[in-house]
There are 2 protein chains.
Amino acid sequence: MRIQNYSRKRQAIYDLMLSTSEHPSAEWIYTMLKPDYPDLSLGTVYRNLKLLEENGAIRSVAVIEGSEHYDAIMTPHPHFICRLCGKIYDLPAKFLLPEQANIKRIRGVGKIEITSLIYYGCCEECTKNDTDNV
Amino acid sequence: MRIQNYSRKRQAIYDLMLSTSEHPSAEWIYTMLKPDYPDLSLGTVYRNLKLLEENGAIRSVAVIEGSEHYDAIMTPHPHFICRLCGKIYDLPAKFLLPEQANIKRIRGVGKIEITSLIYYGCCEECTKNDTDNV
DNA sequence: TAACAAATTAATAATTATTATCTTTATTGT
DNA sequence: ACAATAAAGATAATAATTATTAATTTGTTA
């Protein structure tokens, strides 16, 4: 029997997730790994991302322009997502106030497993570019 | 020239959005309105939801199981989403702490337009059902 | 090491939500 | 009512994701 041991490609996907701050989509990971793993299949990336998410190794941050984006940093922290360029920024955990970070249950509603705090707006990069084009 | 006046069907879609606490998807709205508007087309629902969102009349809450869900209540408030049944609950605005509700900009990152606070977990309804099935 | 069993993968087809197109219909201002 | 414009229906096209299936890899055991 095979114990829970990562296959080569699964490990490569997870390692890439850990090494980047890009909050990648399946497509992005596929493109990055393809040169090193020429026989990599896109389906494998999708399959493993879902699997890693189920195992609690990564989590979904948001769906941007129809594509799911993931994060391998499991310490709770908020995100900022630029509505122009779609880039996802990590924010320091201090933006998650203690009161919110500690809520475990909402009476009459349910038990909380994951808290997602996302700020949507326009990032400074895009603001700058907008100004340039006037 | 046509002023910003809602067409019959657009009005019906918006009215339905206002009258429900379901945080509907396009499909749900289509199913609900179809009996009263037999010639309604699903494309029309998608088109108008996007339009209403651009006009700031409604906003997207989350993508659940691949489908976008909307909310017509524009007062900032958090949501609870059950990961089992997918139901979206409105939470009172007090769960949005003042400090967070008032952040307008994050230095070095960008300007905030929308804050999204979502708690994911298991709702009491589903917890109860799970227990029943043991 | 050889043979077997189970997990994983590539390749591809199938799904599904959403968007685009294009022709027809409805609506509005004059 | 009439012309101009907006909106809608029907349907085709996209695009992301999932399912399928046969082949390959990997681990296990004799």
Side-chain angles (χ1 to χ4, degrees), chain A residues 1-17 22-55 57-71 81 83 86 88, chain B residues 1-17 22-55 57-71 81 83 86 88:
Chain A
M1 199 215 304
R2 165 98 56 103
I3 313 293
Q4 184 57 268
N5 215 349
Y6 284 4
S7 70
R8 271 244 218 77
K9 293 183 179 160
R10 185 172 305 157
Q11 190 66 54
I13 290 168
Y14 183 52
D15 285 347
L16 179 53
M17 283 292 313
E22 277 291 317
H23 306 85
S25 65
E27 191 70 41
W28 188 90
I29 290 178
Y30 175 73
T31 306
M32 293 297 280
L33 292 181
K34 191 66 175 173
D36 285 341
Y37 300 82
D39 64 342
L40 180 66
S41 171
L42 186 53
T44 298
V45 178
Y46 276 107
R47 188 168 0 96
N48 281 298
L49 284 177
K50 199 197 276 190
L51 218 144
L52 288 168
E53 188 184 15
E54 283 166 7
N55 290 0
I58 66 175
R59 53 170 289 192
S60 160
V61 180
V63 175
I64 300 175
E65 309 262 318
S67 298
E68 190 105 43
H69 288 252
Y70 294 91
D71 193 349
I81 301 181
R83 298 207 288 167
I88 303 178
Chain B
M1 199 213 304
R2 166 95 58 100
I3 311 294
Q4 186 56 268
N5 214 350
Y6 285 4
S7 70
R8 270 242 219 78
K9 294 185 177 155
R10 182 172 307 158
Q11 189 67 53
I13 291 169
Y14 183 51
D15 286 348
L16 179 54
M17 284 292 313
E22 279 289 319
H23 306 85
S25 65
E27 192 71 41
W28 187 91
I29 289 179
Y30 175 74
T31 306
M32 293 297 280
L33 292 181
K34 191 66 175 174
D36 285 340
Y37 300 82
D39 64 343
L40 180 66
S41 171
L42 186 53
T44 297
V45 177
Y46 276 107
R47 189 165 356 99
N48 281 298
L49 284 177
K50 198 196 278 188
L51 218 145
L52 288 168
E53 188 185 16
E54 283 166 6
N55 291 359
I58 66 176
R59 53 170 287 190
S60 161
V61 179
V63 175
I64 300 175
E65 311 261 319
S67 297
E68 188 106 45
H69 288 252
Y70 294 91
D71 193 348
I81 300 180
R83 297 206 288 167
I88 303 178

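Quick caveat: nothing in here was measured; it's all calculated off a predicted structure. Every chain is numbered from 1, with letters handed out A, B, ... down the list of sequences.
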In short, B/Tyr6 meets B/Ala57 closest at the heavy-atom pair OH-CB, 4.1 Å
Is B/Lys9 near enough to C/dA26 that one of its side-chain N or O atoms lies under 4.0 angstrom from OP1 or OP2? no
Does any non-hydrogen side-chain atom of B/Glu68 lie less than 4.5 Å from one of A/Val63? no
Is there a side-chain contact between B/Ser7 and the phosphate of D/dA8, meaning an N or O under 4.0 Å from OP1 or OP2?
yes
Report yes if the side chains of A/Leu51 and A/Tyr14 come closer than 4.5 Å at any heavy-atom pair, otherwise no.
no
**Prompt:** Do the non-hydrogen side-chain atoms of B/Thr44 and B/Arg47 ever get within less than 4.5 Å of each other?
**Reply:** yes
Polar atom pairs between nucleotides 13-20 of chain C and protein, under 3.5 Å, N or O only, would you list them?
{"from": "C/dA17", "atom 1": "O3'", "to": "B/Gly66", "atom 2": "O", "distance (Å)": "3.0"}
{"from": "C/dT18", "atom 1": "OP1", "to": "B/Glu68", "atom 2": "N", "distance (Å)": "2.9"}
{"from": "C/dT18", "atom 1": "OP2", "to": "B/Tyr46", "atom 2": "OH", "distance (Å)": "2.5"}

Contact class for A/Arg8 (heavy atom, under 4.0 Å): base, sugar-phosphate, or nothing?
sugar-phosphate
Ranking C/dA10, D/dG9, C/dT27 by distance to the side chain of B/Asp39, first place goes to D/dG9
In whole angstroms, the gap separating C1' of D/dA8 from NZ of B/Lys34 amounts to 12 Å
Rounded to whole Å, CG of A/Leu33 lies from P of C/dT9 at a distance of 12 Å
note: A/Leu40, atom CG; C/dT9, atom C1'; distance rounded to Å ~ 9 Å
Here the distance between atom P of D/dA6 and atom CG of B/Leu52, to the nearest Å, is 17 Å
Which of C/dT9, D/dA8, C/dA11 is nearest the side chain of B/Thr44? It is D/dA8
Per side-chain contact (heavy atoms from CB on, under 4.5 Å), A/Lys9 is matched among A/Val45, A/Leu33, A/Asp39 by A/Asp39
Would you check if the side chain of A/His69 reaches a backbone N or O of A/His23 as a donor-acceptor pair within less than 3.5 Å? yes
Closest of D/dG9, D/dA7, C/dA10 to the A/Arg47 side chain is C/dA10
